[in-house]
Protein chains: 2
Amino acid sequence: MKSFTELNQLFQQYLTQNAFSQSPTTLYEPINYILNIGGKRLRPLLALRGCNLFDGAAEKALPVAMAVEIFHNFTLLHDDIMDNAPLRRGQPTVHTQYSVNAGILSGDAMLLYAYQYLMKIDNKLILPELMTSFTRMGIEVCEGQQHDMDFETNPSVTIPQYLKMIEYKTAVLLAFAFQAGALIGGASRRAAAQMGEFGRNVGVAFQIQDDILDTYGDPAVFGKKVGGDIAQNKKTYLLLRAWERADVEQRRQLDRWMLAPLEGMDEMAKIDTVKGIFTDLGVRQDAEKVMNLYLERAFDALEDIRELNFGKKEVMRDWATELMGRTV
Amino acid sequence: MKSFTELNQLFQQYLTQNAFSQSPTTLYEPINYILNIGGKRLRPLLALRGCNLFDGAAEKALPVAMAVEIFHNFTLLHDDIMDNAPLRRGQPTVHTQYSVNAGILSGDAMLLYAYQYLMKIDNKLILPELMTSFTRMGIEVCEGQQHDMDFETNPSVTIPQYLKMIEYKTAVLLAFAFQAGALIGGASRRAAAQMGEFGRNVGVAFQIQDDILDTYGDPAVFGKKVGGDIAQNKKTYLLLRAWERADVEQRRQLDRWMLAPLEGMDEMAKIDTVKGIFTDLGVRQDAEKVMNLYLERAFDALEDIRELNFGKKEVMRDWATELMGRTV
């Protein structure tokens, strides 16, 4: 079995060979830009790993790896416009570097190219299944992004709604990458579906961990400003759980800080107060419990795959555990 | 063979039955809105007609008809944002009625749903071919839109570049609709490709006619303000041809009016002067010649289809001729 480093090299090489050099450059330059300002290449690696785990030559999954990476970056282009984000991976976002129109249209082209790469896989027998799963996944990602935007103005989001949102917005793409890779690698349908379940649950756990790190992470390791979610009134697992557990006075405080307009707010005081309430209520521990529950579900799905021996399962469990610590 | 009216009824019924009633409504309401504020349903009709011409039951082409209508409306949502257009079919555009974010995200979902409908066709054997053509077509439409936007700031667009742009932006979708419909209707690959050629050439002719009508049409029949392209500095076939044929003084006049900022311009004087130069140079006649050339090419492609008898070919020639007069 190849190492993650080897798979990463394989993908980087393919990405370089398949740079978008077509005309008009006004359409294709933003695509090359977003694909080359870094990123962890997490999703393409999962596709290659899914294939390679089932003894398929990882190379066979390169087109689907490219498809998921292009799809992911398409969502970044459009989400960054919708979220009015100036930076992505520390660099100007496409709509800042080029224009909003470039962000929209190059994004559209990327979604179409994701399909084009998907159709390049050798085994045409599994193509209809891949196309169907990919399309359903894409629709779920749109629904997830819409829910995320709707939540901003909805004061009564529930934890189940929140978990569904992060599942759709993030986890379904990780699930697709593993499932598609496994299918290409020769896994049975059932085994591929279990790999998808593994990816989906790891994805939700990963997002909950993201919420925890945003408030409790070490800024040097996490790489973002700590407390950003609180500053932005973001409805994270921590906040929703705090609302559930708060007494009348804590609820009043939370509402006062987290439902008020951002302008003119003392950000430091806000982060301190809200974080203090979170700590008093023990919501970090609750979040870690739920995260571990999803991780357990992921491991159960993995355990259930007869085709994989213990050694391979261990590699995947280690990978997921490391991912939670953000060292991958 | 069914009449266009019958095909239209068939499509309208399917569209009504397949209204987007999913959740979140913030994502799906804009989709229903754009699909129900009118429109000629030209593209879905071509898909049904393509199928029905080759003796296929038109019903079999309903999913692909839906796919092309959804795809077309996806491009409207995004183009209207890029073009900053307040109205579409006399109604507020989606980004005006809802928000720019709704225009972007509901548009993305529509592109994915277009694929989902495409995958509903019964004959799975032709699915890979349809998906490949559809994806290539979609990419060409993006390239066409990008060229169109680039042309706004490019003072040296050539007529071949312009014809390529309208082919990509408009004609390739008509070509796909006919070709896909024909394939579903049981046409040979060659016959389906010829139907595509027919549609592509009719599409280019249609766009050139659109340029002519914008300057020379009867506003009562045309339904838009005459002279709008001139007022907006649009690089149409008429303008590009006038630039080619102008003498030094005419060129100076054209540049003065058509390369200047729109603000503070006397619009009536501008339309009068530029239209006067067009008339002096006979560019309307040139445009009609080129339009007829594309129409001839369309008829040649049609003629070449052995599977169709004379009566059917006559129906299609009449349809194309009527389309040029905008009575369809």
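Order of the sequence lines fixes the chain letters, A, B, ..., with proteins taken first and strands second; residue numbering starts at 1 for each chain.
When each of B:Thr75, B:Thr135, B:Leu127 is checked for heavy-atom pairs under 4.5 Å with chain A, B:Thr135 comes out on top. With respect to chain B, the highest number of heavy-atom pairs below 4.5 Å among A:Gly138, A:Pro24, A:Ala109 belongs to A:Pro24. For chain B, the option among A:His147, A:Gln145, A:Glu143, A:Gln116 with the highest count of heavy-atom pairs below 4.5 Å is A:Glu143. In terms of heavy-atom pairs under 4.5 angstrom with chain A, the leader among B:Leu105, B:Asp83, B:Val141 is B:Leu105.
Distance alone, capped at 3.5 Å, places no donor-acceptor pair between the A:Asn154 side chain and the A:Asp150 backbone. The backbone N or O of A:Ala85 lies less than 3.5 Å from no partner atom in the side chain of A:Asp80, so there is not a single donor-acceptor pair. At least one donor-acceptor pair closer than 3.5 Å links the side chain of B:Asp211 to the backbone N or O of B:Tyr237.
The contact between B:Met119 and chain A is made entirely by side chain atoms (from C-beta outward), counting heavy-atom distances below 4.5 Å. Contact annotation for A:Leu111: only side-chain heavy atoms (C-beta onward) come within less than 4.5 Å of a heavy atom of chain B.
Ring centroids of B:Phe176 and B:Phe71 are separated by 6.0 Å or more, keeping the two rings apart. For A:Tyr113 and A:Phe20, the ring centers are positioned less than 6.0 Å apart.
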